[in-house]
There are 2 protein chains.
Amino acid sequence: MSSFRDIKADIIRRISGEEWTPGSRIPNEIDLARSYGTARATVNRAMAELVDDGIVERRRKAGTFVRDVPLRQVRLSIPIVRSEIEQNGASYRYVLLQSSIGPAPEWLQARLALPSTVEMRKLSCLHLADGLPYQLEDRWINLAATPAARSFAFDKTGPSEWLIRQIPFSEVEISFSAASAGPDEAHSLGCAVGDALFRIERQTYWTGQAVTFVRLWFHRGYRLTSRYGPGTDTQSAARTGRG
Amino acid sequence: MSSFRDIKADIIRRISGEEWTPGSRIPNEIDLARSYGTARATVNRAMAELVDDGIVERRRKAGTFVRDVPLRQVRLSIPIVRSEIEQNGASYRYVLLQSSIGPAPEWLQARLALPSTVEMRKLSCLHLADGLPYQLEDRWINLAATPAARSFAFDKTGPSEWLIRQIPFSEVEISFSAASAGPDEAHSLGCAVGDALFRIERQTYWTGQAVTFVRLWFHRGYRLTSRYGPGTDTQSAARTGRG
DNA sequence: TGGCTCCTTATGACTGGACATTATGATTGG
DNA sequence: CCAATCATAATGTCCAGTCATAAGGAGCCA
């Protein structure tokens with residue numbers, strides 16, 4: 001009597017024990033179900049998870065194959081900065097630094113494939129943990145896509161929390177990079193000009209239209225951390241690592 | 001007649017259409033199955049995916065709830081640097097810069113919770129794309145955990161490709177950060193000292209024991225990019241963005 | 001008020017069956 | 001020898017039912 005978890009674990013064991021080697025084909029569901037003494041659906045569920053974990057590949061008619069190189073993937077949960085700070089046991093504070101309405105800068109028009117006439121709300125916000133600068137948020141919101149953003153104040157809570165409720169199921173492109181702090185970033189985040197900062201950029205689309213672009217500058221020493229493995233469900237956490 | 005995909009899409013539609021608002025409870029599986037004219041298992045499968053996507057939360061006896069704030073998560077596939085380069089249409093070249101055997105430095109002993117007597121293989125490798133430095137790999141391998149690493153040459157292929165076959169199903173902690181290039185990094189990657197570089201650090205455990213630690217320094221301007229959304233399966237790609 | 005037990009309810013898992021879908025590989029025809 | 005065709009084998013999905021599991025909540029008792 002095996003659960004789908006037992007079956008999954010057993011298959012991983014047999015792969016790591018080199019009984020089934022990378023590239024090779026493993027028995028079909030019917031045979032496996034017989035050998036484990038379960039229904040085929042149970043084997044199928046175990047297999048579906050192995051596919052999801054990037055350990056095997058399946059093709060109809062062809063069969064199930066051990067991936068030549070196991071696909072290493074992390075699931076990162078991108079936290080709302082407020083929760084991230086509060087989960088670290090620090091007090092959260094939000095400051096709106098700057099707010100204006102106008103056309104998008106040229107690089108942003110190009111990046112989001114926007115017509116040059118589009119008006120955008122530009123915001124600069126600072127998120128603080130225990131009074132120390134934690135994240136600087138440079139945000140542009142397309143007013144043609146979310147007109148409600150024209151008049152909303154954004155003086156109490158950041159635009160991220162507001163936007164996530166306006167457009168919960170958007171298409172997102174996110175990118176991680178490193179960049180040197182310019183004068184503005186250095187001033188806001190309390191670091192030196194030229195310091196290496198971790199940066200996330202995210203552009204959000206809703207029904208094909210660009211809704212918002214954000215550039216998040218994290219404080220010096222920030223790291224985004226995640227654990228993963230075959231057994232454990234992947235969890236991620238952000239650590240400040242200040243000092 | 002609805003498939004689990006139809007059901008999933010319909011539920012997303014009803015949440016985004018504010019029929020079911022964040023925090024509220026949605027009907028139980030039996031009622032939903034009746035209303036969609038399917039078996040409960042089909043509704044269950046749709047729900048399981050919604051949980052996986054971070055859109056709803058489920059608790060036995062309590063029911064299924066629309067998450068107050070949808071969990072934004074990205075699935076990043078961490079590419080083998082060789083494939084990453086070749087997929088970008090560039091030629092891959094590998095150079096072993098330095099190799100030695102000795103005790104682990106103190107910071108690494110602390111970080112991996114190793115006894116100070118442990119011997120490690122230390123490697124420095126450079127991965128090039130079209131002849132340009134792409135990634136600098138500083139690698140430590142615990143020889144007590146993988147004795148075979150003592151004598152392997154690592155002159156043709158990098159240790160990552162070798163290790164992934166030795167220990168395919170390991171527990172991993174991965175972290176992303178930004179750091180300034182020191183003299184070594186600047187020299188190897190052909191950038192200036194102090195340049196902001198994107199950095200990945202990864203420590204790998206096998207049956208509770210630390211096997212290897214690696215610090216990957218990416219060339220200036222590197223970004224790790226991923227797209228995700230409710231419909232699309234998440235895909236990730238790395239772009240060099242040189243220039 | 002506070003804490004304990006126990007019933008109930010909703011999800012989670014599994015069964016043994018069925019039909020749908022597809023890509024493969026063999027067969028056939030030019 | 002190549003290309004089109006087709007049977008088939010494997011996965012993918014679904015059904016109707018059963019049993020397992022966890023936790024909310026009512027009721028009880030101190």
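Side chains are part of it too, since the values below use all heavy atoms of this structure and drop only hydrogens, waters and symmetry mates. Given the structure is predicted, the values throughout are model-derived calculations rather than measurements. Chain naming here is simple, since letters A, B, ... match the order of the sequence lines and numbering starts at 1 in each.
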State whether R75(B) and D52(A) are salt-bridged, where the test is any N-O pair (Lys NZ or Arg NE/NH1/NH2 against Asp/Glu carboxylate O) under 4.0 Å.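 Looking at D52(A) together with R75(B), the answer is yes, because their closest N to O distance falls below 4.0 Å.
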Give a yes/no on whether any side-chain N or O of [X] is located under 4.0 angstrom from OP1 or OP2 of [N].
X: R40(A); N: dG12(D); value: no
X: R59(B); N: dG12(C); value: no
X: R5(A); N: dA13(C); value: yes
X: R58(A); N: dG12(D); value: yes
X: T64(A); N: dA10(D); value: no
X: S3(B); N: dC14(D); value: yes
X: T42(A); N: dT15(C); value: yes
X: R45(B); N: dT13(D); value: yes

Under a 3.5 Å cutoff, is there a donor and acceptor pairing between the side chains of S160(A) and R139(A)?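 Looking only at side-chain atoms, R139(A) and S160(A) do form a donor-acceptor pair, the distance falling under 3.5 Å.
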Going by the angle between their ring planes, with limits at 30° and 60°, are Y222(B) and Y134(B) parallel, tilted or perpendicular?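 Aromatic pair Y222(B)/Y134(B) classed perpendicular.
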Whole angstrom is fine here: how far is it from CZ in F65(A) over to C1' in dA9(D)?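 Going from CZ in F65(A) over to C1' in dA9(D) covers 12 Å.
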Which residues pass the ring-ring contact (aromatic ring centres under 6.0 Å, His included) test with F65(A), not counting sequence neighbours?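 Here no residue qualifies.
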From C-beta outward on [X], which listed nucleotide comes closest to its side chain: [options]?
X: R25(A); options: dA10(C), dA10(D), dA13(C); value: dA10(D)
X: K61(B); options: dT15(C), dG24(D), dA13(C); value: dG24(D)
X: A39(B); options: dT11(D), dC15(D), dT24(C); value: dC15(D)

